[in-house]
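Here the structure is laid out as structure tokens; the discussion comes afterwards.
Ligands are counted one by one from 1 in listed order, and the atoms in each one are counted from 1 as well.
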Amino acid sequence: MNRLRKTTQLRNLLHSDQTEFILEAHNGLSARIVEEAGFKGIWGSGLALSAQHAVRDNNELSWTQVVNILEFMSDATSIPILLDGDTGYGDFNNMRRLVRKLEQRAIGGVCIEDKLFPKTNSFIQGEQQELEDVETFCGKIQAGKDAQQDEDFCIVARVEALIAGWGLEEALRRGEAYRRAGADAILIHSKQSRPDEILAFAREWDNRCPLVIVPTKYYSTPTEVFREHGIGLVIWANHLVRSAIAAMQATARTIYETESLVEVEGRVATVSEIFRLQGADELLEAEKIYARSTRQEATAIILAASRGQGMDELTRDRPKVMIPVAGKTVLRRLVDKFKAQGINDITVVGGYRSEAIDAQGVKLVVNEDWESGSELASLSCALDALSDNTVLLYGDLLFRTYILNNLMDWESDLLVVVDSSPLDQAPGNKNDLAYCTAADDRAMYQQKVSLERISSEAEWQGRSPNGRWIGMLRARGAGRQHLLDALGQLRGEPGFASMSVPDLVNRLVANGHAPQVQYISGHWMDINNLEDLQRAGDFAQGQT
Ligand code: SPV
Ligand code: MG
């Protein structure tokens, strides 16, 4: 990125010892494209700026509208813009104000032409156009130079004498007068298809100050000829707006005729290319640094890789999470619950028949090795989704909304939900018995209880379990790193291929990071067999 002031960059371009080139742009996006292509400057073409709004190049855009567009172009780029300032949008006084406003927007310089306001494009009946009185125009140049605060801001004076059919001598007379009035460069314009009159001007001019040309009409002239004649700056004046028009017309026609996007998809820029040009990545990076909040953007990870057992027919073509319960799949029920809680970043880890998973509104990652049955291998596929505030749960869970609400409310770094209702009444996986530092005491809301172990053993250290872990865990803040550390340790151990989430939780306890326990009593179920599935319908409809 060029760190010189844009005014200085433009001045250096004009005084470069070789012929330089700038290209037209007409909005922030095209300006950025000009810079990415490698150009060292941008032509803020009056024709293109007005054309993109489907108005004429007759000062139908107000000068403040022009300046507003230029602000976007300048913000989007680090190279200088030379504005095509038409006649300066009025008299010397308007010119002074224009220069000040352009400087405030870091515009490199402005080119003004010796016609009358409102002007007409030079290629529309050019010879009928009236020229400004030389002295009046010199006063305008001088007023602009006196108004600028940055000494490098450039004012280019454009001679329209050849366009208006006044001949070479008048063109030279005007060029010299404008140079003496303080112009930093002279733009000599021509509408002929051959460069002869421009080259004749250049020969006579003999580098009194930098010479600028716009070879739109004499485009077939080899660029070498411009170099040989000492041209300082060549303006390719309208070729991005023209290429945009041709591309848009072709795309519009094809979509209209085919009533489909198939034909055009490969021919148009991708949506991610739009995001790149907009600098979307920078915002994501900045959010990591600046968008700090005590309430971190929460994410959810749903483990849904297994087929499930004992439901042969129902899971022949789909995983368990895609079985409908009261008209809606288990997965969709979970996703809806998360979204209602404001958790929109949801990752589902699929495996068995993952192609049948409805991935609408979620990110689907696939554990290709799902058959080994390792839940921790599935979790490892979703580590990108592990944020500073993540809920991890099994995909076959149904639960009342308040359970998730409460889970998100508590502050602890690691939190597990344990159902304390009598074990013979509690639903759920018979293996996930929870041993905790204290039994559920309903009288003490938010009592500080920690998890000691999740196990299939009905007795541990001579005690009965305090309840059943429902398959739901939340990690926030430092909890994320504790979880990653524990997972990293287990990954290096021989039994990893058959490990489940309780193994991870038990490792957290062993590492001194025992999750806090949030007790509930009922109001949830998971689906392990056909009987559960029947009950699930009633549960989902709120009848149990
Ligand atoms: C423009 O690009 O708006 C110009 C150059 O002024 S021309 O259209 O050739 O007059
Ligand atoms: Mg113009």
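The backbone N or O of Lys101 sits less than 3.5 Å from a side-chain atom of Arg105, completing a donor-acceptor pair.
Not a single N or O atom of Glu113, backbone or side chain, sits closer than 3.5 Å to an N or O atom of ligand 1. Taking distance alone, with nitrogen or oxygen atoms compared against 3.5 Å, Val214 stays at or beyond that limit from ligand 1.
A donor-acceptor contact under 3.5 angstrom links the side chains of Ser378 and Asn367, judged on distance only. Asn94 and Arg97 are not linked by any side-chain donor-acceptor pair at a separation below 3.5 angstrom, with hydrogens and angles left out of the test. Side-chain contact annotation: Thr258 with Glu263, donor-acceptor N/O pair under 3.5 Å absent.
Residue contacts with ligand 1 for Leu47 involve both N, CA, C or O and side-chain atoms from C-beta outward (heavy atoms, distance under 4.0 Å). The proximity of His189 to ligand 1, defined as any non-hydrogen pair under 4.0 Å, is limited to the side chain. At a heavy-atom distance under 4.0 Å, only side-chain atoms of Arg158, from C-beta outward, approach ligand 1. Contacts between Ile235 and ligand 1 below 4.0 angstrom, taking non-hydrogen atoms only, are absent altogether.
Close contacts of ligand 1 with Ser122, meaning ligand atoms under 4.0 Å from a residue heavy atom, involve 10 (O). Of all the atoms in ligand 1, the ones that sit under 4.0 Å from a non-hydrogen atom of Asn121 are 7 (S), 8 (O), 10 (O). Every atom of ligand 1 with a heavy atom of Ser45 under 4.0 Å away is listed here by number and element: 1 (C), 2 (O), 3 (O).
In this structure, the side chains of Asn389 and Met408 come closer than 4.5 Å at one or more pairs of heavy atoms. Residues Leu393 and Leu334 meet the side-chain proximity criterion, which asks for heavy atoms closer than 4.5 Å.
Because its NZ or CZ atom is both nearer than 6.0 Å to the ring centre of Trp166 and within 45° of the ring axis, Arg174 counts as a cation-pi partner of that residue. Taking the centre and axis of the six-membered ring of Phe123, the NZ or CZ atom of Lys217 falls inside the cone set by 45° and 6.0 Å.
Ligand 1 is approached by Asp84 to a heavy-atom distance shorter than 4.0 Å.
At least one N, O or S atom of Asp84, from either the backbone or the side chain, sits less than 2.8 Å from the Mg ion (ligand 2).
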